[in-house]
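In this text, all values refer to a predicted model and were calculated from it rather than measured experimentally. Note on naming: letters A, B, ... go to the chains in the order of the sequence lines (proteins, then strands), and numbering restarts at 1 for each one.
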Amino acid sequence: MLEMRFIRDNPQKVKDAIIAKGEAGVDIDELLAADESWREALTELESLRADRNETSKEIGRRKKAGDDAEAMILRMREVNESIDVKEEQVKTLQLYIDEALALIPNLPHPDVPLGDGEDDNVEIRRWGEPRSFPFEPLAHWDIGVQLGILDFERASRIAGARFSILRGGAALLERALISYMMDLHVEEHGYEEIIPPYLVSRQSMFGTGQLPKFEDDAFLVNRQDYFLVPTAEVPVTNMYRGEMLGAEDLPMKFVAYSACFRAEAGAAGRDTRGLIRQHQFNKVELVQYTLPETSYETLDDMCAQAEKVLQRLNLPYRVLIMCTGDMGFAQEKKYDLELWMPSYSDYVEVSSVSNFGDFQARRADLRFRRSRDARPEFVHTLNASGLAIGRTMAAILENYQNEDGTVTIPEPLRPYMRGQRVIGFKGS
RNA sequence: GGAGGAGUACCCAAGUCAGGCUGAAGGGGCGGGUUUGCUAAACCUGUAGUAGGGUUACAGCCCUAGCGAGGGUUCGAAUCCCUCCUCCUCCGCCA
């Protein structure tokens, strides 16, 4: 959320950002006019209240002294009527302003390339060579089904499309990936391990920016005002909502595992096969709260930390910087990590690394003080997938497949899989 | 799910069932100071923070809001009424 004060002072910047991000909707000039009227009405309201406060004290004094206060009380009844009218006016304007503010996207960082959509994203580096297969490689959904470790048919029977059942080796590999990533980020990067609630309140979804604009992307629990978390970013970023932190507490670094739930509205027909686009998937997520002046440095650190997982697993990937039109509502700057997926003959997103600046912090009221007497400031928040588990698994199945249909397990995961080196056929 | 109890500033805690100089007693803590060879102790003293608006020399000053949240009653609400949230205790149920 941007500050009204900032919009007042920089209307053009905000208009530019709305256009650059391709966000619809808020008429900034109208908003500024509403703000103007709001301040005017507020000033009038407050002076009426000041009158009432002062007069009421005087009435109290008179009554105590046994003097007559009837005339004053009558006058105050009239003042109260004016107050009611003004209050209504202020409230209406306030409501309009709040709703408009909630729909204004964050400003992109100046480094971010301008662009309309994914074609304008800029690749900044590549790591690893896509493997060339001496045989015709299979897609992960074929590999998994052949091995009996991915079961899409029965998943759709029990839940519908875009769900999967992991069985045997795949279930074990999923757990191994979660544990491996959590351990890596805890032991080598100093994060605190978190398992958050998977259901969150409306307010939490607002805090990270999913609401009000993107309600359709989330699952809302029937008859309860809870949302299934689309990412652990939501609970973890909201963890300190409303608290006042000390500068010495920063940065705060969390690595969270959660299941993630997405409605995938508008994705009909896309990635319908396999593990790439599911309603439910697992993800290990990195979240940091930082000092404002260090957040961009941290962004690059977090990107490198997410990359390290791919490097250790020896999965070829590339890093893109997202253009203004593809980066999302709340982000100032965002990188995507995409890994090589032979079945797509292309790179597929497996992580996004974002700096939100103080945009989420302002929505979620995440503040800190540099010293006891210093003014409160908003922290900066960042997150990075570290990584999406399902897509990583898909990439492992495809990139590590063998000609006989088995899959070699990447070496770092073997200790997490009872020393197993290969996922083979049942009974073999 | 049932029955009770509680949410007041950084923390503890008065005030609430007599509504009005209570924007909030008293402790603790923290800041500053005095005494002291150092520590300890004692004494003195300062301590809502915040959000919004106005004004201004980005010092400052004024106003408004604010006693879990939101409404209501009243000239006036921490105090009376309603709704909600959270926490605690006991019972039930369950992993």
Rounded off to whole Å, could you give me the [atom1]-to-[atom2] distance for the [X] and [N] pair?
{"X": "A:L101", "N": "B:G52", "atom1": "CG", "atom2": "P", "result": "12 Å"}
{"X": "A:M76", "N": "B:A77", "atom1": "CE", "atom2": "P", "result": "13 Å"}
{"X": "A:D365", "N": "B:A69", "atom1": "CG", "atom2": "P", "result": "14 Å"}
{"X": "A:R5", "N": "B:A51", "atom1": "CZ", "atom2": "C1'", "result": "10 Å"}
{"X": "A:E243", "N": "B:U86", "atom1": "CD", "atom2": "P", "result": "17 Å"}
{"X": "A:I97", "N": "B:A51", "atom1": "CD1", "atom2": "C1'", "result": "15 Å"}
{"X": "A:R362", "N": "B:G52", "atom1": "CZ", "atom2": "P", "result": "10 Å"}
{"X": "A:R202", "N": "B:C84", "atom1": "CZ", "atom2": "C1'", "result": "16 Å"}

Q) Restricting to pairs with a member in residues 170-184 of chain A, which pass salt bridge (charged side-chain N to carboxylate O under 4.0 Å, His left out), not counting sequence neighbours? A) none

(Q) Suppose the criterion is salt bridge (charged side-chain N to carboxylate O under 4.0 Å, His left out): which pairs have a residue in residues 405-420 of chain A, not counting sequence neighbours? (A) none

Q. Partners of A:Q280 by side chain to side chain donor-acceptor pair (under 3.5 Å), sequence neighbours excluded?
A. none

Could you go through nucleotides 56-65 of chain B and list every protein N or O atom that sits under 3.5 Å from one of its N or O atoms, giving the distance for each pair?
unit_1: B:U64; atom_1: OP1; unit_2: A:N53; atom_2: ND2; d: 3.0
unit_1: B:U64; atom_1: O2'; unit_2: A:R49; atom_2: NH1; d: 3.4
unit_1: B:A65; atom_1: OP2; unit_2: A:N53; atom_2: ND2; d: 3.4

Q: Return the set of residues passing ring pair (Phe, Tyr, Trp, His ring centres under 6.0 Å) with A:Y96 (not counting sequence neighbours), or none when no residue passes.
A: none

**Q.** With A:H109 via ring pair (Phe, Tyr, Trp, His ring centres under 6.0 Å) - residues at least two apart
**A.** A:Y296

Pairwise [atom1] distance for [N] and [M], with rounding to whole Å:
{"N": "B:G4", "M": "B:U83", "atom1": "P", "value": "14 Å"}
{"N": "B:G71", "M": "B:C12", "atom1": "C1'", "value": "31 Å"}
{"N": "B:G60", "M": "B:G20", "atom1": "C1'", "value": "32 Å"}
{"N": "B:A6", "M": "B:U16", "atom1": "P", "value": "14 Å"}
{"N": "B:C11", "M": "B:U47", "atom1": "C1'", "value": "14 Å"}
{"N": "B:A25", "M": "B:U8", "atom1": "P", "value": "15 Å"}
{"N": "B:G26", "M": "B:C88", "atom1": "P", "value": "32 Å"}
{"N": "B:C93", "M": "B:A14", "atom1": "C1'", "value": "40 Å"}

Q: Starting from the 5' end of RNA chain B, give me the residue, A:I73 or A:T43, whose nearest nucleotide shows up first.
A: A:T43

Tabulate atom names and distances for all N/O pairs under 3.5 angstrom spanning the protein and nucleotides 16-24 of chain B.
unit_1: B:G20; atom_1: N2; unit_2: A:S56; atom_2: O; d: 2.8

**Q.** Verdict with supporting geometry, A:V350 and A:L310, side-chain contact (heavy atoms from CB on, under 4.5 Å)
**A.** CA-CA 10 Å; A:V350 72; A:L310 294 173; 4.1 Å; yes

Q: Would you sort out whether A:Q210 and A:T208 count as a side-chain hydrogen bond (donor to acceptor under 3.5 Å, both in side chains), showing the intermediate values?
A: CA-CA 6 Å; A:Q210 277 77 20; A:T208 34; 2.6 Å; yes

Q) Syn versus anti for B:A25, judged by chi lying within 90° of 0? A) anti

Q: Would you mind calling B:A6 syn or anti? Take O4'-C1'-N9-C4 for purines or O4'-C1'-N1-C2 for pyrimidines, and syn is within 90° of 0.
A: anti

Only pairs under 3.5 Å count here: list side-chain donor-acceptor contacts from residues 229-240 of chain A, not counting sequence neighbours, and write none if there are none.
unit_1: A:T231; atom_1: OG1; unit_2: A:E233; atom_2: N; d: 3.0
unit_1: A:T231; atom_1: OG1; unit_2: A:K283; atom_2: NZ; d: 2.8
unit_1: A:E233; atom_1: OE1; unit_2: A:N383; atom_2: ND2; d: 3.1
unit_1: A:E233; atom_1: OE2; unit_2: A:Q360; atom_2: NE2; d: 2.8
unit_1: A:E233; atom_1: OE2; unit_2: A:N383; atom_2: ND2; d: 3.4
unit_1: A:T237; atom_1: OG1; unit_2: A:E233; atom_2: O; d: 2.7
unit_1: A:N238; atom_1: OD1; unit_2: A:R241; atom_2: NH1; d: 3.2
unit_1: A:N238; atom_1: ND2; unit_2: A:S204; atom_2: O; d: 2.8
unit_1: A:N238; atom_1: ND2; unit_2: A:V234; atom_2: O; d: 2.9

(Q) Base, sugar-phosphate or nothing for A:R62? Non-hydrogen atoms, less than 4.0 Å. (A) nothing

Q: With heavy atoms under 4.0 Å as the rule, sort A:R8 into base, sugar-phosphate or nothing.
A: sugar-phosphate

Q | Pairs meeting criterion side-chain hydrogen bond (donor to acceptor under 3.5 Å, both in side chains) with involvement of residues 251-263 of chain A, two or more places apart | A | A:Y257-A:N282

Q: Hey, can you tell me if A:H279 and A:F163 have their rings parallel, tilted or perpendicular (30° and 60° cut-offs)?
A: tilted

Q: With side-chain hydrogen bond (donor to acceptor under 3.5 Å, both in side chains) as the test, would you mind laying out the steps for A:D301 and A:Q305 before giving the verdict?
A: CA-CA 6 Å; A:D301 291 347; A:Q305 290 160 358; 5.5 Å; no

Q) Any side-chain donor paired with an acceptor under 3.5 Å for A:Q311 and A:K308? A) no

Enumerate, atom names and distances included, each donor-acceptor pair closer than 3.5 Å involving a side-chain atom of residues 151-158 of chain A, sequence neighbours excluded.
unit_1: A:D151; atom_1: OD1; unit_2: A:E153; atom_2: N; d: 3.4
unit_1: A:D151; atom_1: OD1; unit_2: A:R154; atom_2: N; d: 3.0
unit_1: A:D151; atom_1: OD2; unit_2: A:R154; atom_2: NH1; d: 2.7
unit_1: A:D151; atom_1: OD2; unit_2: A:R167; atom_2: NH1; d: 2.8
unit_1: A:S156; atom_1: OG; unit_2: A:E153; atom_2: O; d: 2.9

Q. From the list B:A51, B:G54, B:C75, which nucleotide is the closest neighbour of the side chain of A:R367?
A. B:A51

Q. What's the verdict on salt bridge (charged side-chain N to carboxylate O under 4.0 Å, His left out) for A:E78 and A:R75, showing C-alpha distance, side-chain angles and the deciding distance?
A. CA-CA 5 Å; A:E78 281 171 32; A:R75 190 171 77 80; over 6 Å; no

Q: Fill in the dot-bracket string of RNA chain B, one character per base: . for unpaired, | for a pair to another strand, ( ) or [ ] for pairs within the strand, taking Watson-Crick or G-U pairs under 3.5 Å.
A: ((((((((.[[[..)....(.....]]]((((((.......))))))..((((((....))))))..[[[[[..)....]]]]])))))))....

Q | Centroid-centroid distance, A:F378 to A:F368, less than 6.0 Å | A | no

Q | Whether A:T294 side chain and A:L291 backbone form a donor-acceptor pair below 3.5 Å | A | yes

Q.
What residues from residues 77-94 of chain A pass a heavy-atom cutoff of under 4.0 Å to RNA chain B?
A. A:R77, A:N80

